[in-house]
A.B. asks: 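This is the structure I want to talk about, given as structure tokens.
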Amino acid sequence: MYRKEKSIQIKNSASALYNNLGVLRIAPRRLTCFTAVHANVVNMVSASWDGLNYSHRQLQSKEPNVATSTSLIMQAAFCALPSRDLLVVTSQKGIQMYESDGSTMVYWHALDTPETNTGQGMFARGISAVCESFICVGVSTGAILVFDVPSKGSNITLADVIEGHKESITDMASECCGGEVCVADLVSADDGGNLCVWKAGEEFSLLNHIPGFDISCSSVKLWKGTAVAGYGTGQIRLYEAVTGILHAEVNAHARWIYSLDVAPFSGLLLSAAEDSLVRVWLLSMSPESHSVEIGHLHNECVTDTQICGAKFCDSDGYAFAVTGYDLSEIIRYTQS
Amino acid sequence: MSSRTLPLLFINLGGEMLYILDQRLRAQNIPPDKAKKAGWIDDDRRRVMNDIITTMFNKKFLEELFKPQELYSKKALRTVFDRLAHASIMRLNQASMDKLYDLMTMAFKYQVLLCPRPKDILLVSFNHMDAIKDFVKDTPSILGQVDETYRQLIEMYTALSSGEFQLIRQTLLIFFQDMHIRVSIFLKDKVQNSNGRFVLPTSGPVPHGTLVPCLIRMFSCSGEEVMRRQFSNGGNYTAALREGSFEIFGDRVKWPWSTNTHSCVYQQVNVAPNPLAKEELNMLAKLMGGLEVQKPGNADNGFRVNLFSTDEEEEEALISRPDDLLYGVINIQATKDQQANAELAKIMGQFAESGEQSPSSSSKGDDLLAMMDGL
């Protein structure tokens with residue numbers, strides 16, 4: 001179903017972090033941007049579609065105006081809003097937002113240092129663009145920061161802090177429904193496997209809370225009102241987001257799942273785990289029951305590699321890319 | 001990242017170091033005419049192990065270690081282990097110390113990478129602690145220190161969630177990132193490829209709490225299972241084994257890849273009476289070379305352990321070590337700018353607490369040398 005393409009070399013190897021691959025398809029310029037985090041650096045590479053040009057850039061998690069201070073980065077992800085694309089980088093110190101080519105930092109938000117030095121340490125993790133103008137970022141305390149993003153310029157503001165989780169946020173996702181109205185705008189997941197479903201607006205409201213089983217949910221996606229969640233036990237679960245009804249449960253992987261992605265137009269689902277496997281599934285809405293179904297399509301094994309990021313390169317799922325711990329390349333596959 | 005990572009890093013690396021040193025000290029070449037004094041050499045080995053373990057479990061140092069903090073830099077940690085390795089009358093040259101550190105770090109990286117569940121890092125740590133307890137089982141005072149550390153580990157870590165353990169594991173993996181030093185014993189056992197990367201099996205038992213892949217179950221709105229489907233695995237997994245014990249005493253459920261693999265090779269060594277036969281069986285001895293006893297008049301006190309086959313090999317290794325593998329060990333005394341090395345000075349200070357024994361151990365070294373010459 002898929003065949004392996006030429007890999008893209010990156011300057012450093014990828015670190016073992018959840019959802020450690022960012023992809024942005026820029027059709028007007030016929031190129032695709034990839035990001036992979038290595039400790040305190042984000043490696044960016046822009047690949048032209050004809051496969052002839054690659055340009056590299058590295059971003060460090062530095063506080064502006066402080067020359068020496070760096071911290072470990074937890075995640076880097078592209079946020080595609082209707083008016084603009086931004087690259088959001090979250091670390092132990094705070095949140096940085098860049099123009100999508102990484103050329104300029106447009107916003108910096110420092111995390112509050114807690115009064116008592118707790119064992120876990122403070123960090124931000126979990127990034128999602130929501131609706132027209134919001135970017136949401138999760139924090140290790142369980143809070144979610146909601147930023148209001150204007151259509152251009154750097155006048156980004158912290159609009160709201162929403163509390164729904166008691167454990168560290170691991171991942172967040174939203175879906176853009178095009179013209180249709182979505183009931184659920186955002187789903188967030190935490191280290192206890194709990195999911196929160198939100199409605200966006202001037203004030204975000206909690207629509208539903210789906211309890212976990214003390215197993216971390218490391219990756220979550222939203223598709224046609226279904227929350228697709230990947231867990232540390234290697235299971236994938238499909239919940240109807242607003243009601244919390246469990247529609248499917250898949251014993252998908254033999255090790256911790258690190259990354260999920262959905263191609264919204266086709267319903268293809270990608271799952272990747274520490275067991276060296278990337279699996280491709282098909283989600284579909286059953287016309288009779290109006291509930292989601294899942295079927296397995298394809299496997300790829302990246303030998304001797306614990307995979308930490310996997311994402312489709314386009315909305316149809318025609319191609320996908322993969323990163324692994326200690327691997328200095330981005331592996332690509334396209335449909336054959 | 002997690003501020004609870006350092007104690008696990010230190011204890012596991014220390015455990016690996018002790019394991020390697022113990023095997024090295026046992027595998028020494030005893031000349032046949034001095035073989036009857038083998039019991040005396042054994043005391044020597046025990047003394048070295050006791051001295052190192054006492055320093056490693058120094059109360060003040062461990063108190064600092066267990067406080068929530070970021071990991072030490074690679075340089076700082078290497079310096080700590082240099083000092084630890086020299087906490088007895090045993091001496092290691094630069095090249096041998098480099099080799100020892102390579103082995104320690106790659107062994108622990110392997111264990112962290114292959115942990116079925118992140119929480120199993122704690123079981124690995126308990127495995128190391130069990131081995132350390134065994135080394136000092138005849139010395140109640142040190143055994144007490146080790147037991148106390150055991151209790152601290154249990155107190156700090158058993159209540160952590162799986163997500164927090166995964167964060168600890170991710171922090172450790174960042175520390176070990178891009179380390180691909182090839183280790184003969186791993187290459188031979190085919191757990192490491194010739195490019196230095198570890199082999200990750202896609203078969204065997206799944207971790208405790210995980211179900212064997214290949215089942216899809218679908219449910220109706222009322223929660224009834226309406227369909228069950230299998231899919232092709234892409235691997236060859238079997239059901240989980242029982243969970244290991246997280247108590248002070250317990251069956252850890254040893255996996256094939258834990259430290260105790262080394263013991264399979266070495267157990268043969270201990271049983272075989274013929275010193276020459278030992279050489280054949282002991283892979284590590286071939287790599288690490290002979291234990292040298294200094295003749296009197298040599299200014300170097302203590303006895304030198306060489307981790308290579310010959311002196312020449314050791315010298316050669318030092319000269320030809322690639323730049324990217326240089327550890328950059330800092331000599332505290334030589335550093336002019338104490339401020340810059342405040343971190344190291346603070347750590348070294350804690351070690352110095354138990355350093356009073358050094359003068360007496362030098363004289364112990366003299367006594368030993370004198371005795372050996374009298375043989």
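Chain letters run A, B, ... following the sequence lines, proteins first, then strands; residues in each count from 1. Because the structure is a prediction, the values reported are computed rather than measured.
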A.B. asks: Between T5(B) and chain A, which part of the residue has a heavy atom less than 4.5 Å away: side chain, backbone, both or neither?
C.D. replies: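 For T5(B), neither part sits under 4.5 Å from chain A.
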A.B. asks: Quick check: closest heavy atoms across R255(A) and P116(B), and the distance to 0.1 Å?
C.D. replies: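 Here R255(A) and P116(B) meet closest at CD-O, 3.6 Å.
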A.B. asks: What part of A273(A) is in contact with chain B, defined as an atom under 4.5 angstrom from a non-hydrogen atom: side chain, backbone, both or neither?
C.D. replies: neither
A.B. asks: I would like to know whether S15(A) and Q170(B) meet side-chain contact (heavy atoms from CB on, under 4.5 Å); could you show each step before the answer?
C.D. replies: CA-CA 8 Å; S15(A) 291; Q170(B) 290 173 344; over 6 Å; no
A.B. asks: For chain A, which of L211(B), V206(B), V226(B) has the most heavy-atom pairs under 4.5 Å?
C.D. replies: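 Of the candidates given, the most pairs with chain A belong to L211(B).
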A.B. asks: Between I245(A), D326(A), T233(A), which shows the greatest number of heavy-atom pairs under 4.5 Å with chain B?
C.D. replies: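 Looking at each option in turn, the highest pair count goes to D326(A).
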A.B. asks: Could you tell me the separation between the SG atom of C115(B) and the CH2 atom of W256(A), rounded to the nearest 0.5 Å?
C.D. replies: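 That separation rounds to 11.5 Å.
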A.B. asks: Side chain from CB out, backbone as N, CA, C, O: work out which of these in L113(B) comes under 4.5 Å of a heavy atom of chain A, or both, or neither.
C.D. replies: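 L113(B) touches chain A through backbone and side-chain heavy atoms alike.
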A.B. asks: Please examine the side chains of L17(A) and M1(B), heavy atoms only from C-beta on, and report whether any two atoms are closer than 4.5 Å.
C.D. replies: yes
A.B. asks: If you round to the nearest 0.5 Å, how far is CG of L167(B) from OG of S140(A)?
C.D. replies: 9.0 Å
A.B. asks: Counting heavy-atom pairs closer than 4.5 Å to chain A, which one of P118(B), P205(B), S162(B) comes out on top?
C.D. replies: S162(B)
A.B. asks: Looking at chain A, which one of M156(B), K67(B), K109(B) has the largest number of heavy-atom pairs inside 4.5 Å, strictly under?
C.D. replies: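 Maximum pair count with chain A is reached by K109(B).
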A.B. asks: Sort Y258(A) into side chain, backbone, both or neither according to what part of it lies under 4.5 angstrom from a heavy atom of chain B.
C.D. replies: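 Contact with chain B involves the side chain of Y258(A) alone.
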A.B. asks: S216(A) vs Q166(B), test: side-chain hydrogen bond (donor to acceptor under 3.5 Å, both in side chains). Steps then yes/no.
C.D. replies: CA-CA 9 Å; S216(A) 190; Q166(B) 181 65 284; over 6 Å; no
A.B. asks: Is any side-chain heavy atom of L327(A) less than 4.5 Å from a side-chain heavy atom of R197(B)?
C.D. replies: yes
A.B. asks: Determine whether D275(A) and Y237(B) make a side-chain contact, defined as any pair of heavy atoms from C-beta on separated by less than 4.5 Å.
C.D. replies: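 They are in side-chain contact.
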A.B. asks: H180(B) versus chain A, heavy atoms under 4.5 Å apart: side chain, backbone, both or neither?
C.D. replies: side chain
A.B. asks: side-chain contact (heavy atoms from CB on, under 4.5 Å) for L297(A) and F231(B)? Distances and angles first, verdict last.
C.D. replies: CA-CA 9 Å; L297(A) 292 181; F231(B) 62 89; over 6 Å; no
A.B. asks: What option among E70(B), M227(B), R169(B), R229(B) has the most heavy-atom pairs under 4.5 Å with chain A?
C.D. replies: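 It is R169(B).
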A.B. asks: From E249(A) CD over to R228(B) CZ, what is the distance, rounded to the nearest 0.5 angstrom?
C.D. replies: 9.5 Å
A.B. asks: Considering only heavy atoms and a distance below 4.5 Å, find which of H38(A), E240(A), E300(A), M74(A) pairs most often with chain B.
C.D. replies: H38(A)
A.B. asks: Does the side chain of N251(A) come within less than 4.5 Å of V212(B)'s, by heavy atoms?
C.D. replies: no
A.B. asks: Count the heavy-atom pairs under 4.5 Å between each of R125(A), H247(A), E167(A), Q235(A) and chain B, then report the option with the highest count.
C.D. replies: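 Winner by heavy-atom pair count: H247(A).
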A.B. asks: Would you mind telling me which of I294(A), D214(A), D190(A) has the largest number of heavy-atom pairs within less than 4.5 Å of chain B?
C.D. replies: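 The answer is I294(A).
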A.B. asks: Heavy atoms only: give me the nearest S13(A)-D178(B) pair and the separation to one decimal.
C.D. replies: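 So the minimum-distance heavy-atom pair works out to OG-OD1, 2.5 Å.
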A.B. asks: Counting heavy-atom pairs under 4.5 Å to chain B, which of S218(A), A16(A), G234(A), S291(A) comes out on top?
C.D. replies: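 Heavy-atom pairs under 4.5 Å are most numerous for A16(A).
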A.B. asks: Could you check whether atom CD of E224(B) has more than 12 heavy atoms from other residues, nucleotides or ligands sitting under 6.0 Å from it?
C.D. replies: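 Open.
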A.B. asks: Check this for me: N193(B), atom CG, are more than 12 non-hydrogen atoms of other residues, nucleotides or ligands nearer than 6.0 Å?
C.D. replies: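 It does: N193(B) CG has more than 12 such atoms within range.
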A.B. asks: Please look at Y18(A) and chain B and tell me whether the side chain, the backbone, both or neither of the residue comes under 4.5 angstrom of a heavy atom of that chain.
C.D. replies: both
A.B. asks: In Å and rounded to the nearest 0.5 Å, what is the CG to CE distance from L246(A) to M218(B)?
C.D. replies: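 It comes to 11.5 Å.
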A.B. asks: Once rounded to the nearest 0.5 Å, what's the spacing between atom CG of L72(A) and atom CG of L71(B)?
C.D. replies: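 Between L72(A) CG and L71(B) CG, I get 8.5 Å after rounding to 0.5 Å.
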A.B. asks: Chain B heavy atoms under 4.5 Å from A252(A): which part of the residue, side chain, backbone, both or neither?
C.D. replies: backbone
A.B. asks: How far apart are the closest heavy atoms of I216(B) and G295(A), and which atoms are they?
C.D. replies: CD1-CA, 4.3 Å
A.B. asks: Evaluate the side-chain proximity of L173(B) to Y325(A): yes if any heavy-atom separation is below 4.5 Å, no if none is.
C.D. replies: yes
A.B. asks: So for T305(A), is it side chain, backbone, both, or neither that comes closer than 4.5 Å to the heavy atoms of chain B?
C.D. replies: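 The backbone, not the side chain.
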A.B. asks: How many angstroms lie between SG in C214(B) and CZ in R279(A), if you round to the nearest 0.5 Å?
C.D. replies: 8.0 Å
